[in-house]
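This one's a predicted model, so the numbers in the text were calculated from it and none came from an experiment. We use all heavy atoms of the structure for the numbers below, so side chains are in, but hydrogens, waters and symmetry mates are not.
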Amino acid sequence: MLGKLDVRDLGVAGKRVFVRVDFNVPLDEGGNVTDDRRIRAALPTLTLLLDRGATLILGSHLGRPKGRVVEELRLAPIAGRLAQMLDRNVMALRSVVGPDVEAVVAKAEPGDVVLLENLRFEPGETACDEQLSRDLAALCDVYVNDAFGAAHRAHASISGIPRHVAQSAAGLLMAAELEHLGRALDGAERPFVLVFGGAKVSDKVPVLRNLLERVDVALIGGGMAYTFLAAQGVDVGGSRLEPDLVSTAGEILREAEERGVRVVLPTDHVVAERLAEDVPTRVSAPGVPEGAMGLDVGPVTAGNFAMEIAQARTVLWNGPMGVFEIPAFDSGTRVVAQAIADVTSRGATSVVGGGDTAAAAQLVGVASRMTHVSTGGGASLELLEGKELPGIAALTSVEES
Ligand code: AMP
């Protein structure tokens, strides 16, 4: 696990443990939590620490309050949900730091759970302010980061606090993320098939570059495929295209060929005149004609992708194959998701990137059959690019501990 201290290695009995969690959950207009998966994902770490006799000080951001108090973004509703899940009282504070917080924390005992107010109410959080980092660190003896989804941010609660505490460890969720994503970078079983889709080529180019030396096959679908098809001179009509990246796409295709990596692009497409719910659709091959947009991979492509996936021992999937949010364009994503779930059942390892891809796996009903579904969209991409994430770099190395 990249050689970082793990929460399971800590002695925490009688200690105050600051846990950076990711409780950035969606709320409805009444302030009710509409999807509590992120809260649930933190429970194993919180329960482990409570069982071992720690006092918990929890910190999370919610939304983008931009350094000021936004009433609708207070964490009180989240504290309520967490209390139900942990079956114990959770004290929701109305500030992040200051005398009131210090007083509550000073009185807190082993087994108590204190939730600080939304960290981003403090302007120093995103600015990684030194004083805020020190003030937060002063609340605890030990620091644990279980917020993988925010690990690519150099914020006070992520990379600042660890500078001022003796030990900083990865929580269980963070450790699982590092183990599974780390294995895609190092030591994946071959054949290793990369499945890339979604809209933004710019997000995925650095990842593709970094992974080319590690994978055997790259399947590229979704909107990003059209920039690659354009680089091959295929007609893409009015499909989503990033003109500035066509030459980069061409370079990647050449580099893949030199390295012996097979890149498979769509050879047929579900097209429509425009992106809408009830628009008439048809299949077009090999390209997309003028006046039409490619909005899903076609049935032949989906079948080819499924055959490639069936041969894999490791699959890394990031990005839907089409505009899966609209049923007329979700078939390619369904076929691919099913193929990945099936190959996983036969013993392969599957890792699914966060954000939209996790939502797509959920929609198709196969998320629970994957080896690992990442909780971090941006963070997982940056890790796979080979970048050092500030939230991971800040943790205590095993040798130092
Ligand atoms: P990303 O954040 O780059 O993974 O993009 C995810 C989004 O890509 C989803 O909301 C999809 O609707 C969208 N998408 C996938 N395929 C296409 C396509 N062929 N044209 C336009 N958008 C697409």
Heavy-atom distance under 4.5 Å between the side chains of L46 and L58, does that happen here?
yes

Report yes if the side chains of R369 and T344 come closer than 4.5 Å at any heavy-atom pair, otherwise no.
no

In terms of heavy-atom contacts, V261 and L212 come closest through CG2-O, 3.2 Å

Least distance between heavy atoms, S350 atom then M370 atom
OG-CA, 3.4 Å

What do the steps show when you test V144 against L10 for side-chain contact (heavy atoms from CB on, under 4.5 Å), and what is the final call?
CA-CA 10 Å; V144 170; L10 296 173; 3.8 Å; yes

Would you say CD of E325 has more than 12 non-hydrogen atoms from neighbouring residues, nucleotides or ligands within 6.0 angstrom?
yes

Rounded to the nearest 0.5 Å, how far apart are CZ of F196 and CE of M321?
10.0 Å

Hits for salt bridge (charged side-chain N to carboxylate O under 4.0 Å, His left out) against R209, two or more places apart or cross-chain, chain-then-number order -> E251, E255

Hey, could you give me the CG/CG distance between L172 and D6, rounded to the nearest 0.5 Å?
6.5 Å

Going from CG on D135 to CD on Q131, what distance comes out if it is rounded to the nearest 0.5 angstrom?
4.5 Å

Below 4.5 Å, heavy atoms only, C-beta onward: do L208 and I220 meet side chain to side chain?
yes

Return yes if some donor-acceptor pair links the side-chain N/O of N24 with the main-chain N/O of G63 below 3.5 Å, else return no.
yes

Test item: L185 and L211 side chains (from C-beta on) under 4.5 Å apart, heavy atoms
yes

Determine the interplanar angle of the Y226 and H269 rings, folded into 0 to 90°, and report it as parallel if under 30°, tilted if 30 to 60°, perpendicular if over 60°.
tilted

Quick test of your reading of the model: are R254 and E258 salt-bridged, counting only N-O distances below 4.0 Å?
no

CD/E257: more than 12 non-hydrogen atoms of other groups inside 6.0 Å:
no

Do other residues, nucleotides or ligands put more than 12 heavy atoms under 6.0 Å from R64 CZ?
no

Within-4.5 Å side-chain heavy-atom neighbours: L116 and L139
yes

Can you pull the salt bridge (Lys or Arg N to Asp or Glu O under 4.0 Å) pairs that have at least one residue in residues 371-384, sequence neighbours excluded?
none

S95-D100 side chain donor-acceptor pair, cut-off 3.5 Å
no

Side chain to side chain, I252 and F228, heavy atoms closer than 4.5 Å
yes

Does R190 have more than 12 heavy atoms from other residues, nucleotides or ligands lying within 6.0 Å of its CZ?
yes

Might you point out which heavy atoms bring E308 and V193 nearest each other, and give the distance in Å?
O-CG2, 3.9 Å

All pairs passing ring pair (Phe, Tyr, Trp, His ring centres under 6.0 Å) where residues 346-382 contributes a residue, at least two apart
H180-H372

Looking only at atom types and distance, does a side-chain atom of N318 sit under 3.5 Å from a main-chain N or O of G353, one as donor and one as acceptor?
no

What distance separates L229 CG from M224 CE, expressed to the nearest 0.5 Å?
11.0 Å

Return yes if some donor-acceptor pair links the side-chain N/O of R16 with the main-chain N/O of A108 below 3.5 Å, else return no.
yes

Within 6.0 angstrom of D35 CG, more than 12 heavy atoms from elsewhere
yes

Less than 4.5 Å apart, any side-chain heavy atom of M293 and any of V271?
no

Residues pairing under side chain to side chain donor-acceptor pair (under 3.5 Å) where one sits in residues 70-82, two or more places apart or in two chains, turn out to be D36-R81, E71-R74, R74-E117

Once rounded to the nearest 0.5 Å, what's the spacing between atom OG1 of T281 and atom CG of D296?
9.5 Å

Using a 3.5 Å distance criterion without hydrogens, assess whether the side chain of D146 forms a donor-acceptor pair with backbone atoms of M174.
yes

Can you confirm whether I392 sits close enough to L383 that some side-chain heavy atom of one is under 4.5 Å from a side-chain heavy atom of the other?
yes

Please, which pairs that meet salt bridge (Lys or Arg N to Asp or Glu O under 4.0 Å) have at least one residue in residues 147-173, sequence neighbours excluded?
E130-R163

Measure from the side-chain N and O atoms of D141 to the backbone N and O of K15, and report whether any donor-acceptor pair falls under 3.5 Å.
no

Do F305 and V335 pass the side-chain contact (heavy atoms from CB on, under 4.5 Å) test, and can you show the C-alpha distance, the side-chain angles, and the key distance before you say yes or no?
CA-CA 9 Å; F305 282 11; V335 169; over 6 Å; no

For S374 and E177: C-alpha separation, side-chain torsions, deciding distance, then whether side-chain contact (heavy atoms from CB on, under 4.5 Å) applies.
CA-CA 6 Å; S374 177; E177 294 276 9; 2.9 Å; yes

F148 vs L389, test: side-chain contact (heavy atoms from CB on, under 4.5 Å). Steps then yes/no.
CA-CA 10 Å; F148 177 73; L389 306 190; 4.1 Å; yes

Checking D28 now: which residues fulfil side-chain hydrogen bond (donor to acceptor under 3.5 Å, both in side chains) with it, not counting sequence neighbours?
N32

